[in-house]
*Asks:* 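Quick one: structure below, then a few questions.
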Amino acid sequence: MDKKSYDVLKWYWEKSYLASRVYSALANSGGRGTFLSVVIVGKPGYGKTSYAYYALKTGIIKMLCSNEGFFNLDQCIKVLESKYGELCMCKYCGEPDHIDREFRWAYYTGITDLERFINDVPKLLVKDGVRRKVLFMDDLVTKSVFSVGGKWRKAYLAFREIMRVARLGSSVIIMTATSPTLIPEYVKHMSEYISVRKYGNLFLYERFTKHVVPNEDGSYTTKLRKVFEDIVPIKAVFGLPEWLESDINERKKQLILDTVRFVQGGGDA
């Protein structure tokens with residue numbers, strides 16, 4: 001692992017609350033109460049996909065090393081690289097490493113992947129022996145998909161029903177969206193909500209919960225209480241790996257083509 005990848009992994013290993021939550025859910029997947037569903041909301045360009053990807057991958061790496069009995073970062077890297085080859089974990093990764101290839105089935109990016117997700121559901125959530133524990137859905141589904149019509153409306157309805165029982169076949173689900181108004185209500189109800197904002201040269205990823213505070217007159221006021229905050233430097237090295245960014249851009253292009261064909265009356269989009 002080169003220094004750039006090491007610096008990114010070390011940052012998330014030591015500082016990311018979400019990465020620790022992912023690890024805990026995966027490490028205890030045989031027990032009860034270990035299901036983790038998170039939705040990360042932020043403006044385009046605010047690094048939410050990179051944050052989700054690196055927190056998820058760090059959690060997976062921690063889980064793999066704990067299974068081998070190693071909990072020190074440097075020992076962990078040495079053990080995994082001796083088994084799987086060099087790990088790559090920064091913006092400048094041109095190809096997926098072994099961890100990426102092993103879990104690449106779990107990445108669904110953009111609504112054009114909605115059909116692939118639905119087709120994969122039997123092996124992801126039902127069949128024994130290939131049961132999957134992690135799902136990463138980057139801008140996969142929003143309320144607007146329903147209004148597009150055609151196959152997208154059908155896919156949205158299917159996705160809604162699948163997500164109601166997704167915890168039966170997964171330990172961790174991480175989703176991203178560009179606005180709270182786009183998130184379906186059923187996703188909000190099943191998930192922890194993380195928002196992102198800029199602060200100087202940092203991205204702040206914050207999780208709040210509602211807290212009821214009694215007033216002197218006997219009434220109550222609902223306030224927000226911060227549960228945790230993850231801080232990520234706004235630096236190029238923390239950006240999305242080149243190979244994954246390329247995949248996402250290709251799917252965005254396909255979405256544009258599908259939408260144009262639908263609008264022009266060329267059949268279901």
Side-chain angles (χ1 to χ4, degrees), residues 22 25-26 29 35-40 48-49 52-53 56-57 60 95-178 182-191 240-241 243-269:
V22 171
L26 294 176
S29 59
F35 177 69
L36 174 65
S37 178
V38 174
V39 58
I40 304 165
K48 60 186 182 298
T49 303
Y53 167 79
L56 177 58
K57 188 171 180 180
I60 291 171
E95 297 290 338
D97 62 19
H98 174 84
I99 306 299
D100 294 317
R101 290 192 296 271
E102 179 71 17
F103 288 89
R104 195 168 184 175
W105 51 262
Y107 303 144
Y108 296 90
T109 56
I111 69 169
T112 50
D113 256 3
L114 194 52
E115 286 183 298
R116 183 167 71 90
F117 170 73
I118 292 170
N119 290 333
D120 286 351
V121 160
K123 66 182 179 181
L124 290 173
L125 304 181
V126 179
K127 294 181 180 179
D128 292 333
V130 288
R131 178 179 174 185
R132 304 308 191 185
K133 296 181 179 180
V134 179
L135 297 175
F136 174 25
M137 304 175 182
D138 181 41
D139 289 332
L140 183 69
V141 66
T142 65
K143 293 178 182 178
S144 60
V145 177
F146 183 87
S147 62
V148 172
K151 71 180 183 182
W152 297 120
R153 182 178 183 274
K154 295 177 182 177
Y156 176 92
L157 293 173
F159 178 84
R160 183 179 65 186
E161 294 306 307
I162 291 166
M163 291 305 294
R164 288 176 56 241
V165 296
R167 66 185 303 150
L168 296 177
S170 57
S171 297
V172 176
I173 298 176
I174 298 181
M175 295 167 279
T176 67
T178 55
L182 296 175
I183 305 170
E185 289 302 316
Y186 62 87
V187 171
K188 290 180 181 178
H189 292 158
M190 66 177 281
S191 305
L240 204 62
W243 68 266
L244 185 54
E245 185 174 30
S246 177
D247 279 3
I248 291 173
N249 288 338
E250 287 303 312
R251 291 189 176 107
K252 287 179 179 178
K253 292 177 184 178
Q254 186 59 49
L255 172 60
I256 293 172
L257 295 175
D258 285 348
T259 304
V260 169
R261 281 196 295 267
F262 176 76
V263 171
Q264 293 176 342
D268 281 355

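The shown structure was predicted, so the numbers you read here are calculated from the model rather than taken from an experiment.
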*Asks:* Can you list the steps and then say if Lys57 with Asp100 is a salt bridge (Lys or Arg N to Asp or Glu O under 4.0 Å)?
*Replies:* CA-CA 8 Å; Lys57 188 171 180 180; Asp100 294 317; 3.1 Å; yes
*Asks:* Could you report the tightest heavy-atom contact between Met175 and Ser37, atom names first, then the distance?
*Replies:* CE-OG, 3.5 Å
*Asks:* Quick check on side-chain contact (heavy atoms from CB on, under 4.5 Å): which of Val39, Val38, Leu36, Ile40 does Ser191 satisfy it with?
*Replies:* Val39
*Asks:* How long is the gap from CG on Asp138 to OG1 on Thr49, to the nearest 0.5 Å?
*Replies:* 3.5 Å
*Asks:* Over all heavy atoms of both residues, which pair between Thr178 and Lys48 is shortest? Give the atoms and the distance, please.
*Replies:* CG2-NZ, 3.8 Å
*Asks:* Considering all heavy atoms of both residues, which atom of Phe117 and which atom of Met137 are nearest to each other, and what is their separation?
*Replies:* CE1-CE, 3.4 Å
*Asks:* Can you check whether Ile174 reaches Tyr53 side chain to side chain, under 4.5 Å on heavy atoms?
*Replies:* no
*Asks:* Between atom CG of Leu135 and atom CZ of Phe103, what is the distance when rounded to the nearest 0.5 Å?
*Replies:* 11.5 Å
